[in-house]
Amino acid sequence: QVQLVQSAAEVKKPGSSVKVSCKASGGTLKSYSFSWVRQAPGQGLEWMGRIIPITATTNYAQMFQGRVTMTADKSTNTVYVELFSLTSQDTAMYFCASAALQDGNTYDSWGQGTLVTVSS
Amino acid sequence: DIVMTQSPVSLPVTPGEPASISCRSSQSLLHSNGNNYLDWYLQKPGQSPQLLISLASSRASGVPDRFSGSGSGTDFTLTISRVEAEDIGIYYCMQALQTPLTFGGGTKVEIK
């Protein structure tokens, strides 16, 4: 089980983009898949997509297609999510979560969350 | 997409008493390998979600045995045999069968 540490909170203007990082320790990226899940204030959990670093495979939720990019840097054991064309509706806590490849889509480790606030 | 529906939305509980949460999926989560790809997560106040149950009934490492999961196909239940004060939070079911992964709307468990 890896430990995940995310980047600090961000405040962004509408129309801009944000890039959130998630650094894994206690394991290498090649053994895991990583999902990004967001939670708007007072709302439930929403899956954004996932990346499997060993194959560089990404799957994105349809509502984010064309507006999100997930990447992995094996040299720093870090995964990233970048969201473009931000609106106030993107104000949320963003979580990364990891799943061992043999465990499919079961996420047993989560980052602490990164709050992204979109405001003019 | 698979739609996940949880009930109830809110669950007031008395410490020491049992509690159960229902989760229903719009499609069967039973894979041909015999596993049901349904996970349960708990999000305690101010914290990240944590895995409680995977594959419908397998407790995650370190999860107390008062938590149990059951069900198959499209109907699942999370049961807490004797609720403790530390169990308060929002419980989510999530289908892990296929992308897009989808969560139930959550059940908020609070002490009466």
Side-chain angles (χ1 to χ4, degrees), chain A residues 1-7 9 20 22 24 26 32-52 55 57-65 67-68 70 92-115, chain B residues 1-10 21 23 25 29-63 69 89-109:
Chain A
Q1 187 178 26
V2 291
Q3 291 75 51
L4 304 175
V5 177
Q6 297 182 222
S7 49
V20 178
C22 172
Y32 298 89
S33 69
F34 296 83
S35 271
W36 287 92
V37 174
R38 78 176 186 180
Q39 186 172 39
Q43 302 301 308
L45 303 173
E46 178 178 41
W47 183 78
M48 299 177 66
R50 73 171 179 184
I51 181 168
I52 303 174
T55 58
T57 302
T58 54
N59 304 101
Y60 300 136
Q62 188 169 9
M63 71 171 293
F64 298 102
Q65 287 277 1
R67 205 165 69 88
V68 69
M70 295 179 186
M93 186 72 80
Y94 289 74
F95 296 100
C96 62
S98 65
L101 290 179
Q102 66 266 26
D103 292 336
N105 296 309
T106 291
Y107 294 91
D108 63 355
S109 187
W110 292 67
Q112 83 277 20
T114 297
L115 180 62
Chain B
D1 297 1
I2 298 176
V3 177
M4 306 299 292
T5 304
Q6 282 182 240
S7 62
V9 172
S10 177
I21 299 168
C23 176
S25 58
L29 303 183
L30 178 61
H31 192 276
S32 57
N33 63 13
N35 290 324
N36 283 281
Y37 285 84
L38 186 284
D39 298 336
W40 289 96
Y41 293 89
L42 166 60
Q43 187 175 31
K44 295 184 177 182
Q47 296 186 19
S48 306
Q50 62 186 83
L51 178 67
L52 290 178
I53 302 282
S54 64
L55 299 178
S57 61
S58 180
R59 267 191 308 278
S61 176
V63 174
I90 303 177
Y91 291 76
Y92 295 94
C93 60
M94 187 200 82
Q95 65 83 12
L97 181 66
Q98 63 188 48
T99 59
L101 307 181
T102 46
F103 291 90
T107 295
K108 186 175 184 178
V109 171

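Sequence lines set the chain letters: A, B, ... in the order given, protein chains first and strands last, and positions in each chain run from 1.
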Spatial distance of atom CD (A/Gln3) from atom CD (A/Gln112) [nearest 0.5 Å]: 12.5 Å

B/Gln95 side-chain N/O to B/Pro100 backbone N/O, donor-acceptor pair under 3.5 Å: yes

B/Tyr37 versus chain A, the contacting section by heavy-atom distance below 4.5 Å: neither

Under 4.5 Å from any heavy atom of chain B - which part of A/Ser35: side chain

From OG1 (B/Thr107) to OH (B/Tyr92), nearest 0.5 Å: 9.5 Å

Under 4.5 Å from any heavy atom of chain B - which part of A/Gln43: backbone

Best-contacting candidate, A/Val37, A/Asp108, A/Asn59, A/Asn105, against chain B by heavy atom pairs under 4.5 angstrom: A/Asn105

Any donor-acceptor N/O pair, B/Thr102 side chain to B/Val3 backbone, under 3.5 Å: no

Interface residue of largest heavy-atom contact number with chain A, from B/Ser61, B/Gly106, B/Pro49, under 4.5 Å: B/Pro49

From OH (A/Tyr107) to CZ (A/Arg50), nearest 0.5 Å: 6.0 Å

